[in-house]
Asks: 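The structure under discussion is supplied below as structure tokens; questions concerning it will follow.
Each residue takes its place number in the sequence, starting with 1.
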Amino acid sequence: MRKSLLTIAALLFVTLFAGCGPKSQKSRPDTIVVAVNADFDHLNPLLIQMSLAREVCTMIYPSLVRPSFDEKNGALTYQPNAAERWEFSPDGRSVTFHLKKDAVWEDGKPLTSKDFSFSYRLYADPAVASSRQDYLNDLLLKPDGSVDFDKAVETPDEKTLVLHFNKPMSESIVLDHFNDLMPVAEHLFRSIPAAEIRQRAATLPVMGTGPFRLKEWQRQSKLTLVSSPTSVLPHPAATPTLTFMVVPEYTTRLAMLKSGQIDALISGGGVNPKDAAEMKRDNPDISIIPVADRYFDSVVWLNIEGDAWRNGKKIVPNRFFGDRRVRQAMAYAIDRQAIIDGFMGPDHATIVNTTLSPAYTSIIDKSLPSYAYDPQKALALLKEAGWTPGPDGILQKNGLRFSFELAAPTGNPRRNYAANIIQQNLREIGIDCRLRFDESLMFNKNQNQYRYDAALSGMAAETLPFQLVIWGSDFEKKPFNSSAFQNAELDRVVARLTSPLPQAEQAKLWKEYQQILANEQPRTFLYYYAELEGFNERVKNVRLSLLATLGNMYDWKGNKK
């Protein structure tokens with residue numbers, strides 16, 4: 001019944017927009033409409049966790065620099081943004097940022113170094129519970145381990161920001177992390193107690209200095225941005241209005257793209273490869289632009305018992321996946337190539353066994369075990385871990401049946417397809433895997449609270465510095481470590497990689513990083529895939545990259561057809 005109602009609703013949605021093809025595009029020459037599968041979690045940089053929400057925030061709030069990816073050399077570079085220049089001290093223990101003198105907030109007040117200093121205190125406040133709180137721990141610390149902001153962050157004048165670190169820091173780590181810590185306006189937020197920021201999230205002011213301003217946000221429906229005429233970061237958006245329309249059903253999004261009701265279809269897996277081939281033939285006015293090596297899918301195996309953690313912060317190994325042998329067995333049991341061949345096609349995905357993107361060819365460890373599909377090897381590992389067939393054919397151990405739920409978000413056909421293949425693969429070796437599909441915001445919330453034993457999840461893990469944020473044994477402070485995986489050796493490697501190091505030592509540590517993850521399998525790493533984004537030809541100046549789908553959204557322009 002529920003599926004039938006959703007289908008009827010989707011058809012009504014399309015019907016409402018019927019006849020809005022080429023005519024509708026002519027009637028909206030100053031507007032670009034983009035369809036997404038789920039609403040954004042927040043539009044406040046202190047609170048965001050979803051990658052697309054972060055990208056939108058970079059269009060509204062001031063970021064210190066603008067990263068770019070050199071595809072030829074496989075390396076990140078950074079260009080000026082709110083900071084027009086910066087200098088690191090020779091010992092790597094401090095950096096000075098010089099802010100643009102003409103950058104202003106939407107209300108005309110100048111963007112100052114104190115906005116950054118004020119916001120860093122909020123990011124570090126446990127009451128705010130920012131997913132990026134951990135970034136501040138590289139600053140000078142007090143004896144109790146908290147950040148010594150009085151010494152760590154200096155603002156000698158309104159346009160100078162100086163950061164002091166507790167150890168020598170890699171320049172790329174500092175630029176990546178502190179660029180992510182976009183500030184809010186001190187004059188708007190100083191009256192809001194830090195303890196109330198998260199609970200008042202829905203009513204917090206959204207005001208920035210970037211190329212776009214917020215015009216309207218109807219939750220679960222649409223988000224409308226307009227060009228900000230005062231922005232110099234880097235300039236006012238080229239399109240007067242840009243609207244994100246929330247359309248959960250993929251088939252509806254696709255129909256709207258084909259008919260011209262929307263100008264772009266992004267996120268949620270983009271355009272299915274099979275549909276892309278058909279559109280290339282039947283819809284020549286639509287361009288399919290791949291974003292490769294940025295996103296990966298994986299099955300997150302919860303390493304601890306979620307109930308024990310939530311009800312007393314007790315770390316108890318998960319009854320199914322607390323054993324490394326079981327996690328390794330899962331990797332052998334899942335036919336990843338079948339998922340790729342059946343849905344994406346071999347040209348659009350690369351099997352991986354760690355979180356590291358295939359784009360970083362110079363440090364990829366090709367000696368890692370392949371975990372090629374091998375049900376017999378999976379069964380042998382499970383038997384070694386004490387799991388044997390029960391009377392009903394389902395594996396059991398000490399009276400416990402190997403029966404669990406695999407959760408996944410709605411609105412993503414690729415993950416839905418993968419979930420069904422995984423369920424079938426596990427059933428074939430005697431594991432009862434039941435599927436559960438939740439709306440995206442609820443899925444993320446439950447995963448953050450360790451309410452799933454297993455979750456089919458994705459992540460944009462495009463930069464090497466971000467790789468170092470994903471993992472950490474203090475997983476309460478590492479929200480991206482959704483498997484609650486703890487490993488002292490990995491902690492050591494991650495800590496070393498945040499320091500300035502010779503290239504040879506960096507390469508050695510990155511190999512150790514990959515070897516630990518490949519051996520421990522805290523997730524079954526499935527594949528990095530090329531997300532195919534669909535754009536109507538009327539949208540000009542679109543440049544997608546490994547780093548962002550919306551990276552140059554301020555240059556997008558919707559021409560008349």
Side-chain angles (χ1 to χ4, degrees), residues 9 13 16-17 28 30-63 105-107 119 122 128-132 180 182-185 187-189 191-192 196-231 233 236-249 252-253 256 261-268 409-411 439-445 539 548-551 553-554 556 558:
F13 193 72
L16 286 172
F17 284 90
R28 61 170 197 264
D30 295 332
T31 302
I32 295 173
V33 180
V34 180
V36 293
N37 69 308
D39 201 1
F40 307 98
D41 54 350
H42 298 284
L43 285 184
N44 184 302
L46 299 168
L47 304 177
I48 52 173
Q49 185 166 345
M50 296 174 64
S51 61
L52 199 62
R54 176 191 166 278
E55 288 196 43
V56 170
C57 280
T58 66
M59 296 292 136
I60 299 173
Y61 295 91
S63 52
W105 296 97
E106 292 169 25
D107 60 4
S119 299
L122 291 179
V128 175
S130 169
S131 64
R132 289 154 175 82
D180 239 6
M182 293 170 272
V184 294
H187 63 280
L188 288 182
F189 279 80
S191 62
I192 304 175
E196 296 181 15
I197 284 179
R198 188 163 286 274
Q199 67 192 53
R200 291 169 57 177
T203 59
L204 292 175
V206 177
M207 190 182 76
T209 65
F212 284 95
R213 297 180 178 183
L214 174 66
K215 178 182 180 183
E216 179 185 24
W217 190 11
Q218 297 180 17
R219 296 306 304 257
Q220 308 301 328
S221 178
K222 68 176 182 178
L223 168 69
T224 300
L225 305 177
V226 294
S227 181
S228 181
T230 59
S231 179
L233 303 179
T239 183
T241 306
L242 191 144
T243 295
F244 290 95
M245 186 175 292
V246 180
V247 185
E249 290 290 323
T252 307
R253 297 195 299 274
M256 295 174 75
Q261 298 166 48
I262 62 173
D263 299 304
L265 189 165
I266 67 170
S267 83
T410 58
E439 183 274 327
S440 292
L441 293 178
M442 181 59 67
F443 173 82
N444 288 334
K445 180 180 178 181
V539 183
T549 301
L550 310 179
M553 192 171 79
Y554 46 78
W556 296 4

Asks: Taking the side chain as every heavy atom from C-beta outward, state whether Val246 and Val36 have any pair of such atoms under 4.5 Å apart.
Replies: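 Contact flag for Val246/Val36 side chains = yes.
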
Asks: Working to the nearest 0.5 Å, report the span between CD1 of Ile266 and CG of Leu52.
Replies: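 One gets 5.0 Å once the value is rounded to the nearest 0.5 Å.
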
Asks: Given Leu204 and Leu47, is the side-chain contact (heavy atoms from CB on, under 4.5 Å) satisfied, shown in steps?
Replies: CA-CA 11 Å; Leu204 292 175; Leu47 304 177; 4.1 Å; yes

Asks: Do we see a donor-acceptor contact under 3.5 Å between the side chains of Asp30 and Thr241?
Replies: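 Not at all, the side chains of Asp30 and Thr241 share no donor-acceptor pair under 3.5 Å.
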
Asks: Identify, with sequence neighbours excluded, every residue that meets ring pair (Phe, Tyr, Trp, His ring centres under 6.0 Å) alongside Phe40.
Replies: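 Listed in chain order: Phe244.
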
Asks: Please confirm whether the backbone N or O of Arg219 pairs with a side-chain atom of Asp39, one donor and one acceptor, at under 3.5 Å?
Replies: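 Absent.
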
Asks: Which pair of heavy atoms, one from Leu188 and one from Pro205, lies closest together, and at what distance?
Replies: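 In terms of heavy atoms, the two residues are closest at CD1-CB, 4.2 Å.
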
Asks: Where do Phe212 and Met553 come nearest, in terms of heavy atoms and distance?
Replies: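 Of all heavy-atom pairs spanning Phe212 and Met553, the closest is CE1-CE, 3.7 Å.
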
Asks: Salt-bridged, Arg54 to Asp180, with N to O below 4.0 Å?
Replies: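 Here Arg54 pairs with Asp180 in a salt bridge, since their nearest N and O are under 4.0 Å apart.
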
Asks: Between atom CE of Met207 and atom CD1 of Ile60, what is the distance when rounded to the nearest 0.5 Å?
Replies: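 That separation rounds to 12.0 Å.
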
Asks: Enter the distance from Met245:CE to Leu265:CG here, rounded to the nearest 0.5 Å.
Replies: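 Interatomic distance, Met245 CE to Leu265 CG, rounded to 0.5 Å: 12.0 Å.
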
Asks: What pair of heavy atoms forms the shortest contact from Asn44 to Tyr61, and how long is it?
Replies: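 Result for this residue pair: CA-OH, 4.0 Å.
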
Asks: Ignoring hydrogens, what is the shortest heavy-atom contact between Ile48 and Ala53? Give both atom names and the distance.
Replies: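 Taking Ile48 first and Ala53 second, the nearest heavy atoms are CG2-CB, 4.0 Å.
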
Asks: Give me the atom names and distance for the closest heavy-atom approach of Ser131 to Gln49.
Replies: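 Smallest heavy-atom distance, with atoms named: OG-CA, 4.3 Å.
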
Asks: Once you round to the nearest 0.5 Å, how far does SG of Cys57 lie from CG of Leu550?
Replies: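 One gets 11.0 Å once the value is rounded to the nearest 0.5 Å.
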
Asks: Where do Glu106 and Ser228 come nearest, in terms of heavy atoms and distance?
Replies: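 Nearest heavy atoms, Glu106 then Ser228: CG-OG, 4.4 Å.
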
Asks: Checking side-chain contact (heavy atoms from CB on, under 4.5 Å) for the pair Arg253/Met256: CA distance, chi angles, key distance, verdict?
Replies: CA-CA 5 Å; Arg253 297 195 299 274; Met256 295 174 75; 5.8 Å; no

Asks: State whether the side chain of Ser440 and the backbone N or O of Pro409 hold a donor-acceptor pair below 3.5 Å, judged by distance alone.
Replies: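 It does not hold such a pair.
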
Asks: Do any N or O atoms from the side chain of Ser231 and from the backbone of Gly210 form a donor-acceptor pair under 3.5 angstrom?
Replies: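 At least one qualifying donor-acceptor pair exists.
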
Asks: With a 4.5 Å limit on heavy-atom distance, are the side chains of Gln261 and Val33 in contact?
Replies: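 Answer no - side chains too far apart.
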
Asks: If I take atom CG from residue Leu225 and atom OG1 from residue Thr243, how far apart are they, to the nearest 0.5 angstrom?
Replies: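 Answer for the CG-OG1 pair, Leu225 versus Thr243, is 7.5 Å.
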
Asks: Starting at CG of Leu223, measure out to CG of Leu214 and round the result to the nearest 0.5 Å.
Replies: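 So the CG of Leu223 and the CG of Leu214 are separated by 6.0 Å.
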
Asks: Is the closest side-chain donor-acceptor distance between Thr230 and Arg213 under 3.5 Å?
Replies: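 There is such a pair between these side chains.
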
Asks: Any sub-3.5 Å donor-acceptor pair from Glu55's side-chain atoms to Thr549's backbone N or O?
Replies: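 Yes: the side chain of Glu55 pairs with the backbone of Thr549.
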
